[in-house]
Amino acid sequence: NLFNNNNYQNEHNAPLADKLRPKTLDDFFGQELILKNNSLLRNAIVYDKLSNFIFSGPPGVGKTTLIEIISSHTRSKLIKLNAVLSSIKELRAEISNAKERLIKTNRKTIIFIDEVHRFNAIQQDALLPSIENGTITFIGATTENPFFAVNKALISRSRIFRLLPLEEKDLKKIIEKVINYYRNLQNPKTIKITEEAINHLIQFSNGDARTLINSLEMSVGITNENEAKDIIINLSIAEDS
């Protein structure tokens, strides 16, 4: 019960952007170029035929969301590490676990490295042999240009997918998703946004879904209901948030 309560509190207190994170490719907005029907990446995720990938793109365009969707589709064990925060000891332990897992259960392991451009030489030396012999599948994410920022040995063993800033049509869908979220709460809120506010929020977000959702969440939080019990987000509120 204690753990269940803690999980509930964590979910309840999570930022709205995390609560609304897509769980399936059908709910994923943007990146049609690499995720269209029968594309290499889409089929690799859907049919669990993943190889070594690097996702490159600015913040808030779906790199981490794709990892979560991969996690829900794959039979492999997915381990998430951060190139800056994870120690070499932790990395080697996960590689050792992957070897044991493969031998005992024939279950593969995907190691996801966030901020892979921050990988140092020692981390790379620990990882490369396991990629080469198939002990692990490697997926990295970076906000940098991988051809300049990521080690060439990892580049040569990976397929690079470039994620682009979200387009206006995708950001408008996200705004509608936020409105529907509040509409369907146990204590629902009716959110109405003026066209000027929508345009400002989209322009300010600069193709970043997380920035857009955070701004909308702030807008709702600082705006009182009117007499009709509606929350009206106008340009002034959008600018403040």
J.: Checking R107 now: which residues fulfil side-chain contact (heavy atoms from CB on, under 4.5 Å) with it, not counting sequence neighbours?
T.: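 R107 satisfies side-chain contact (heavy atoms from CB on, under 4.5 Å) with K77, R101, T105 once adjacent residues are dropped.
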J.: Indicate yes or no: at least one non-hydrogen side-chain atom of I139 is less than 4.5 angstrom from one of I113.
T.: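 I139 vs I113: side chains apart.
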J.: Under 4.5 Å between any side-chain heavy atoms of L66 and I45, yes or no?
T.: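 Side-chain contact under 4.5 Å: yes.
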J.: Within the side chain of N199, is there an N or O that forms a donor-acceptor pair under 3.5 Å with the backbone of E195?
T.: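 Side chain of N199 to backbone of E195, a donor-acceptor pair under 3.5 Å: yes, one is there.
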J.: Can you list the residues that meet the side-chain contact (heavy atoms from CB on, under 4.5 Å) rule with E90, with sequence neighbours excluded?
T.: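 Result, side-chain contact (heavy atoms from CB on, under 4.5 Å) vs E90: L81, S86, S87.
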J.: With R42, which residues qualify under side-chain contact (heavy atoms from CB on, under 4.5 Å), at least two apart?
T.: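 R42 satisfies side-chain contact (heavy atoms from CB on, under 4.5 Å) with L25, D26, L35, N37, S39, V46 once adjacent residues are dropped.
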J.: Give the minimum heavy-atom separation between Q123 and I88, together with the two atoms involved.
T.: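 Minimum heavy-atom separation between Q123 and I88: CA-CD1, 3.7 Å.
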J.: For residues T109 and S76, report the shortest heavy-atom separation together with the two atoms involved.
T.: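 Reported closest heavy-atom pair: N-CB, 4.3 Å.
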J.: Quick one: are L212 and L166 in side-chain contact, heavy atoms under 4.5 Å?
T.: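 Side-chain contact under 4.5 Å: no.
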J.: Restricting to ring-ring contact (aromatic ring centres under 6.0 Å, His included), what partner residues turn up for F161, sequence neighbours left out?
T.: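 F161 satisfies ring-ring contact (aromatic ring centres under 6.0 Å, His included) with F53 once adjacent residues are dropped.
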J.: For N234 and T194, which I'm curious about, is there any donor-acceptor pair between the side chains at under 3.5 Å?
T.: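 No donor-acceptor contact under 3.5 Å links the two side chains.
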J.: Judged by modelled atom types alone, do S205 and T211 share a side-chain donor-acceptor pair under 3.5 Å?
T.: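 Not at all, the side chains of S205 and T211 share no donor-acceptor pair under 3.5 Å.
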J.: Please, which pairs that meet side chain to side chain donor-acceptor pair (under 3.5 Å) have at least one residue in residues 50-62, sequence neighbours excluded?
T.: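 Qualifying pairs: none.
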J.: Any ring pair (Phe, Tyr, Trp, His ring centres under 6.0 Å) involving residues 165-215? Give me the pairs, sequence neighbours left out, ordered by first then second residue.
T.: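 Residue pairs passing ring pair (Phe, Tyr, Trp, His ring centres under 6.0 Å), neighbours aside: none found.
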J.: Rounded at 0.5 Å granularity, tell me how far NZ in K36 sits from CD in Q31.
T.: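 Nearest 0.5 Å value for the NZ-CD distance: 13.0 Å.
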J.: May I ask you to test the F112-I79 pair for a side-chain heavy-atom distance under 4.5 Å?
T.: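 Sidechains of I79 and F112: no contact.
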